[in-house]
Amino acid sequence: MAVTVRIPTPLQRLTNGQGEVPCDGKTVTELLADLDRRYPGVKERICDESGKLRRFVNIFVNEEDIRFLQGDQTTVKDGDDVSIIPAIAGG
Amino acid sequence: MTVPAAQTTRKAGHTASHPMSTMIGLKCRECGRLYPKQVINVCEYCFGSIEVDYDYKAIRSRLTRAAITSRPHSLWRYRELLPIDGEPTIGLTSGFTPLFRAGRLAEALGVKELYVKDDSVSHPTLSFKDRVVSVALTRAKELGFDTVACASTGNLANAVSAHAAKAGLKCFVCIPADLESGKVIASQVYRPTVVSIEGTYDDVNRLCAELSAKYPWAFVNVNIRPYYAEGSKTYGFEVAEQLGWRAPAHIVIPAASGSLITKIAKAFNEFQLLGLIPETHTKLYAAQAEGCSPITTAIQARSDIVKPVKPKTIAKSLAIGNPADGYYSTKAVLESGGWAEAVTDDEIIAGIQLLGETEGVFTETAGGVTVAVAKKLITQGKIPRDEAIVLCITGNGLKTLEPLVGRLGETVRIKPTLAAFQERLGDQIK
């Protein structure tokens, strides 16, 4: 079993149209690195030149915003759900 | 039922250009990428905010003061500055709410020139959300949608439900499960599907962002947000027109997602660009509750990093801990030379009462926040006492009765006799 990563619509062209993909890693950072290995180009889209998450991207682990957890060092385990969600929504 | 971006775009994407349309396309506010007038809410490359791009040259030739004033009293009198291709079809009686000089409140606050822009009487759902929804649903119909949806703290759900009913559209509204009963009932009456979600508004919003990728619906504040958000500009247009074609020196705006702040600023800028009002450097002030003040915190720190919070406030319509336009609204306020404050629940209730007892307007908790923050900023000297100030009252108090229960004193209860009346009230009647 792996971690399920939910892919936002703008990135689904890079994941062959898939809205959910399995990935491996112990932290969010590792997970994103694995996601990029499987689907090259994804990381460049959600992280800036310095490797930090872009201002307008939010990541949730099991429905909790990682900014309330340990940021990109938040740990993940098999069976967890991770969502990548554009920040510009709502209100 | 997954609906990939491309499929959604094909289904409900391009529309034929219309001779009336002044909307050129969409543009990423961050990287400048251009997009056709399709269903998209963030830049596919950098996730930046998408803005509508207009043909201001064409607008300038058509949208004069005379043209505007000759039109019906609705938000559509500014149609050229709104993102639709054809004729408006929804919300034809929405907008153009009163702006009035608030003399007694001015006296109470110790200022010279104070105005209230009163969307608590917006038709038909008594909040400024009638504006954004009129635009969003007109555009949703143009794009071919038959179902509309939203993530809401209450007022938006009311507006989407009502306007969808009038338009004959299917409707799903998602709200936090702990909303005030007035706001729940004021959606249910229009017979939408109301989905009560066990979580905060931010949970509702996240879920809707995910749902919008799966269902081919127009989520007004998610996948068609660039169009929806433009509706808020009409609040600013009306303020400027009703003030006698000028922008105020100061305007106090309640902040939830922060979108209203950015759109009022845009409205004044567009009117100046078109020569409809003289150049004015309006100072914008953000009003939030202490229990949810991520935008105020960022502004007071003069930072462009808006840290999310877990909301805990009676001002539920402002309880967005992770505001979509936090960055842009913070920037707009700081660039304007304005400021921000946050107030306690007790101050919010006092603000509601103050507006009621001085101006005869019953606003909801968000309006209490605006009045209380204005009072605080005036007391601090952040807003000068001798310049024109506008307070944005965006919702109606009848929808948020719960926080006031037991807070306004007792009624004078008597037997139905003259003696009983005189016994209880005789001292007060000279």
Side-chain angles (χ1 to χ4, degrees), chain A residues 4-22 28 32 35-36 39-72 74 80-91, chain B residues 2-8 29-30 40-50 132 150-153 156 199 201-210 212-214 219 221-223 225-226 228-229 255-260 304-310 320-328:
Chain A
T4 300
V5 181
R6 295 193 198 122
I7 306 296
T9 306
L11 295 182
Q12 288 178 9
R13 284 179 194 166
L14 294 173
T15 58
N16 309 317
Q18 297 175 88
E20 290 181 1
V21 297
V28 168
L32 295 181
L35 181 64
D36 194 59
Y39 304 101
V42 169
K43 194 173 174 195
E44 182 196 358
R45 302 279 291 279
I46 57 180
C47 295
D48 62 19
E49 298 74 16
S50 65
K52 284 175 63 180
L53 271 179
R54 289 185 190 273
R55 185 191 296 278
F56 301 108
V57 176
N58 292 332
I59 293 188
F60 297 81
V61 173
N62 298 328
E63 280 73 48
E64 180 65 291
D65 191 324
I66 61 168
R67 289 173 294 177
F68 291 114
L69 301 170
Q70 285 79 46
D72 58 10
T74 301
D80 282 351
D81 289 320
V82 171
S83 298
I84 302 168
I85 298 192
I88 307 290
Chain B
T2 299
V3 183
Q7 188 185 329
T8 306
R29 196 165 166 172
E30 293 301 305
I40 184 172
N41 66 312
V42 294
C43 176
E44 292 189 355
Y45 185 76
C46 73
F47 291 85
S49 180
I50 296 288
V132 279
C150 68
S152 173
T153 57
L156 178 59
Y201 172 79
D202 297 296
D203 293 315
V204 176
N205 199 35
R206 175 190 44 74
L207 180 62
C208 283
E210 298 192 284
S212 72
K214 285 192 177 291
F219 281 79
N221 53 350
V222 183
N223 56 351
R225 193 174 191 269
Y228 155 92
S257 73
S259 177
L260 184 60
D304 62 4
I305 296 171
V306 179
K307 290 183 187 159
V309 301
K310 301 278 189 188
I320 298 182
N322 186 10
D325 281 301
Y327 169 70
Y328 294 116

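Each chain gets a letter, A, B and so on, in the order the sequences are listed, and its residues count up from 1. These numbers come from a predicted model, not from an experiment.
Within the 4.5 angstrom heavy-atom criterion, atoms from both the backbone and the side chain of Arg206(B) approach chain A. Proximity to chain A involves both the backbone and the side chain of Lys310(B), based on heavy atoms less than 4.5 angstrom apart. Residue Ser259(B) does not touch chain A at all, counting heavy-atom pairs closer than 4.5 Å. Ile7(A) does not touch chain B: none of its heavy atoms, backbone or side chain, sits under 4.5 Å away. With a 4.5 Å cut-off on non-hydrogen atoms, Val306(B) touches chain A through its backbone but not through its side chain. Proximity to chain B is absent for every atom of Asp48(A), based on heavy atoms less than 4.5 angstrom apart. In this structure, no portion of Cys208(B) lies under 4.5 Å from any heavy atom of chain A. For Val309(B), the part sitting under 4.5 Å from any heavy atom of chain A is the backbone (N, CA, C, O) and nothing else.
Summarising the geometry of Asn221(B) relative to Gly91(A), their closest heavy-atom pair is ND2-O, 3.4 Å, with the distance given to 0.1 Å.
Here the straight-line distance linking atom CG of Asn58(A) with atom CG of Asp202(B) works out to 9.5 Å at 0.5 Å rounding. For the atom pair Glu44(B) CD and Leu14(A) CG, the distance stands at 10.0 Å (nearest 0.5 Å). Taken to the nearest 0.5 Å, the CZ atom of Arg54(A) stands 5.5 Å off from the OH atom of Tyr45(B). The distance from atom NZ of Lys214(B) to atom CZ of Arg6(A), rounded to the nearest 0.5 Å, is 8.0 Å. To the nearest 0.5 angstrom, Ser257(B) atom OG is 9.5 Å from Ile88(A) atom CD1.
Between Phe56(A) and Tyr327(B), the angle of the ring planes goes over 60°, which puts this pair in the perpendicular group of the 30/60° scheme.
A distance-only check finds a donor-acceptor pair linking the side chain of Asn205(B) to the backbone of Ala89(A) [under 3.5 Å].
In this structure the side chain of Arg67(A) reaches within 4.5 angstrom of the side chain of Asn322(B), judged on heavy atoms. Counting only heavy atoms from C-beta outward, the side chains of Phe60(A) and Glu210(B) never approach each other to under 4.5 Å. You'll find the side chain of Phe47(B) stays beyond 4.5 Å of the side chain of Ile85(A), heavy atoms only.
Remark: Tyr201(B) pairs with no residue by the ring-ring contact (aromatic ring centres under 6.0 Å, His included) rule, at least two apart or across chains. Partners of Arg45(A) under the side-chain hydrogen bond (donor to acceptor under 3.5 Å, both in side chains) rule, at least two apart in sequence or in another chain, do not exist in this structure.
No salt bridge links Arg55(A) with Glu30(B); every basic N to acidic carboxylate O contact stays at or beyond 4.0 Å.
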